[in-house]
Amino acid sequence: MRVLSGIQPTARFHWGNYFGAIRQYIDLQTEDEAYYFIADLHALTTVRDADKLRQNTFDAAVDLLALGLNPEHAVMFVQSHVPEVTQLCWLLMTGTPMGLLERCTAFKDKKAHGLTADAGLFTYPVLMAADILLYDADVVPVGKDQVQHIEVCRDLAGSFNHEFGETFVLPKAKILESTAKVPGTDGEKMSKSYNNTLEVFEPLGQLKKKIMRITTDSRPMEDAKEPESDHLFQLYSLMADDSQREEMAAMYRRGGFGYGEVKKALLGVATDYFAEARERREALVAKPEQVQDILADGASRARKKAGEVLARAETACGLRG
RNA sequence: AGGGGCGUAGCUCAAUUGGCAGAGCGCUGGUCUCCAAAACCAGAGGUUGCGAGUUCGAUUCCCGCCGCCCCUGCCA
């Protein structure tokens, strides 16, 4: 079994990213083989600032390592460090029906929002297919919004296999149960595009300000409140242990205490929850060359596998003897 | 490719005949609040797409380029 997952370095990771996806990816790293890459080629479709892209890519690497991604267990690399992916992308693109891409909702959505659609955005699912097929991945953990792209990948791999003979492993999507709802500072789903995020490695002073500004309802302190329906409690539950959660729930039901208290408690558990990761991050930032070494090692391991698969595909379609 | 329209703050848009670049929303800080929200007060934010030209002076006028939208064609 080989698990593969990529993450775009478009912004710093927030709680929604972590509890919704990253944590699960990291938990899967002890599968037989795990490949994790930072999708800088995909990020290039939106991040059009060289320094920013460089910095984002480095930050993503450091953050993932700090959050527990272990290069001993998983192959961790930067997408563009394995140029084979763009070569495979072309092989796949030659057989890709336009209609398949036009049907992808991610593309339709962006276009509907008036964003300029360039060819890179349009062919994004093909690059994603190359990402997956290049490493013979069996399992791709994704949120449900990405399931369609996995289907595209299977379609492309299937038709290539049909035309040129068995070449690619057909991957399966592993749909990540969104076990926990992660609301943002306005109570809506936490998302960069809603500008309501709390970042995992936010400076603590800033985190405090953001938490204190989380929107609440206007009920007075005295009222008893139902904890499950409150987004402050939902956030608290993500990071509190069982006894803390019970205690907080009891406080809600009893009434007589206010949201200000909950926010302070939330800041407390959030600080504790990510404290070790923060320390690890500090240590890594102090030694950037160590991070680069990890990425270089990951790239060379990834390229070994990628070279095999690309050669197989090139032979199948007649590009090499 | 030809014709037309557009390009100004993060967003939507103003700016008289060519005369100190503005408003709303958003953002930041403050008052208030258990914390917020609302309300009120204050503040930050700009190479006016890029480049050249005319002019004492260009967001405004002329020329070139780039990008986006519409119409009409052309090619495969």
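Chain letters run A, B, ... following the sequence lines, proteins first and then strands; every chain starts at 1.
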Subject >> Whether A/Arg2 side chain and A/Tyr135 backbone form a donor-acceptor pair below 3.5 Å >> reply: yes
Subject >> Base paired to B/A42 (Watson-Crick or G-U; both N/O distances under 3.5 angstrom) >> reply: B/U28
Subject >> Closest to the A/Arg213 side chain, choosing from B/C34, B/C35, B/U28 >> reply: B/U28
**OP:** Specify the separation, in whole Å, of atom OH of A/Tyr259 and atom P of B/C35.
**Re:** 14 Å
Original post:
To the nearest angstrom, how far is A/Leu232 atom CG from B/C34 atom P?
Top reply: 16 Å
Subject >> Paired nucleotide for B/C65 [Watson-Crick or G-U wobble; both distances under 3.5 Å] >> reply: B/G49
**OP:** Measure the distance from CG on A/Leu266 to P on B/C35 and round it to the nearest whole Å.
**Re:** 16 Å
Original post:
Under 4.0 Å between a side-chain N or O of A/Lys209 and OP1 or OP2 of B/G29?
Top reply: yes
Original post:
Taking atom P in both B/U47 and B/U8, what distance in whole Å separates the two?
Top reply: 12 Å
Subject >> A/Glu222 CD to B/U33 C1', straight-line distance once rounded to whole Å >> reply: 13 Å
Original post:
On a plain distance test, is the side chain of A/Ser218 in donor-acceptor contact with the base of B/A36 below 3.5 Å?
Top reply: yes
Original post:
With both distances under 3.5 Å as the test, what is the Watson-Crick or G-U wobble partner of B/A58?
Top reply: none
**OP:** Using both distances under 3.5 Å as the test, list the Watson-Crick or G-U wobble partner of B/G2, or none.
**Re:** B/C71
Subject >> Option among A/Glu246, A/Glu247, A/Glu228 that satisfies the salt bridge (Lys or Arg N to Asp or Glu O under 4.0 Å) test with A/Arg253 >> reply: A/Glu228
Original post:
Would A/Tyr252 and A/Tyr236 count as a close aromatic pair, with their ring centres under 6.0 Å?
Top reply: no
Subject >> Protein-nucleotide distance (A/Asn196, atom CG; B/G10, atom P), rounded to Å >> reply: 21 Å
Original post:
Considering only the C1' atoms, how many Å lie between B/G22 and B/A14, rounded to the nearest integer?
Top reply: 7 Å
**OP:** Please state the C1' separation for the pair B/G24 and B/G57 - nearest whole angstrom.
**Re:** 30 Å
**OP:** May I have the distance from A/Asp217 (atom CG) to B/C34 (atom P), rounded to whole angstrom?
**Re:** 14 Å
Original post:
Taking atom P of B/A37 as reference, at what distance in whole Å does atom CZ of A/Arg219 sit?
Top reply: 17 Å
**OP:** Determine the contact category for A/Met212: base if any of its heavy atoms lies under 4.0 Å from a base atom, sugar-phosphate if only primed atoms, P, OP1 or OP2 are that close, otherwise nothing.
**Re:** sugar-phosphate
**OP:** Determine the interatomic distance between P on B/C35 and the same-named atom on B/G29; round to the nearest Å.
**Re:** 16 Å
Original post:
Using 4.0 Å as the upper bound for N to carboxylate O, is an ion pair formed by A/Arg301 and A/Asp297?
Top reply: yes
**OP:** Measure from OH on A/Tyr236 to C1' on B/C35 and round the result to the nearest Å.
**Re:** 16 Å
Subject >> Integer angstrom distance from the C1' of B/G18 to that of B/U54 >> reply: 11 Å
Original post:
Applying a 3.5 Å limit to both distances, which nucleotide forms a Watson-Crick or G-U wobble pair with B/A21?
Top reply: none
Subject >> Sole candidate of A/Arg12, A/Arg54, A/Lys52 that passes salt bridge (Lys or Arg N to Asp or Glu O under 4.0 Å) when paired with A/Asp59 >> reply: A/Arg12
**OP:** Taking only Lys NZ, Arg NE, NH1 and NH2, and the carboxylate oxygens of Asp or Glu, determine whether A/Asp136 and A/Arg312 approach each other closer than 4.0 Å.
**Re:** yes
